[in-house]
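Worksheet: the structure to be examined is printed underneath.
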Amino acid sequence: MEIVLKIIFFRFLKTFAPLLKEINKHKLLVIYYHHVLPRHDMNRISDKNMCIEVKAFETQMKFLSENFVPLSETQIIESIDHKRKLPEHAVWVTFDDGYGDNHAYALPILKRYQIPATFFITSGYINQTACLAKETHSDVEHLFMTWAQIKELNLQGFGVGCHTVNHRILSSLVPNEIVYEIESSKMEIEKEIGRPVITFAYPHGKRIDCVFKKAIPMLRQCGIRMAVTTVGGMNSLRDFERNSLRLRRLGISHDDSLTTFKTKVESGCFWQK
Ligand SMILES: [Zn+2]
């Protein structure tokens, strides 16, 4: 039933998507993925919403490269700092959790279409296989990237952001624990890649998970310039400084057809369960 309603919603929205794209052309679109996997590997992930099939991902990246302007985290921040306008139809592609399949399957496609994405790393999970595997009921082998792979992403010009140490939801923590989760993950990644980490993704990332009032001053103090949620929508650049540590993103799901994907990114609208 859910999927039928979603299809009807996006079919209806499709008519208005080009108009909405024009209206939203000065806003920043941020999209996010988790796993990128071949179809036969997708069965090992219980929550299919966290997956995208490799071929579908490639079609989506091709579409973005032809119809949007993919930007890196550095390009966005430099534009804001120098009070330069971002190009129209700017998009920032992001990946959460640091899964090994991102390096194996997404990276070659991103390079092919010259899309400078950011990968948000849960530092405590790198070089080990447990933890999140329990949460996602995934096969643990090669679940997360290694530090060597993350260094390679950095050297190839991709963004590497932090996503806490233990993937703990910030709203469940006391202030000292929030500081630890942000600061330690940032410092560990910086030690490995040899440059400042300036972006952060809130674990789970719904409004109720993020405790913005506590977290935003801590993120600012740590030198984080952009932080992303999983709250749906696009981002106005007019108020960017105020919103840069609570950016909205559109999640791309395994059952998004290409038409749904196009409608989603053009309209900036999303389907919430
Ligand atoms: Zn996550």
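Because only heavy atoms are used, hydrogens play no part in the values below, and waters and symmetry mates are left out as well, while side chains stay in. Residues: numbered from 1 along the sequence shown. Just follow the structure's listing: the first ligand is 1, and inside any ligand the first atom is 1.
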Are Y105 and F57 close enough that their ring centers fall under 6.0 Å?
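No, they do not, as the ring centres are separated by 6.0 Å or more.
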Centroid separation under 6.0 Å, is that true for the rings of Y99 and F144?
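Yes, they do, as the ring centres are separated by less than 6.0 Å.
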For the pair F158 and F119, name the ring-plane relationship: parallel under 30°, tilted 30 to 60°, perpendicular over 60°.
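Aromatic pair F158/F119 classed perpendicular.
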Closest approach to the Zn ion (ligand 1) by D97, given as the N, O or S atom name
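The nearest such atom is OD1.
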Using 2.8 Å as the threshold, say whether any N, O or S atom from H163 sits that close to the Zn ion (ligand 1).
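Looking at H163, which is the residue asked about, there is an N, O or S atom under 2.8 Å from the Zn ion (ligand 1).
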Please confirm if an N, O or S atom belonging to H204, backbone or side chain, lies less than 2.8 Å from the Zn ion (ligand 1).
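Here the distance criterion (N, O or S atom, under 2.8 Å) is not met by H204, so no.
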With a 3.5 Å distance limit and no angle check, can you tell me whether N235 reaches the backbone of R248 through a side-chain donor-acceptor pair?
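Such a contact is found between N235 side chain and R248 backbone.
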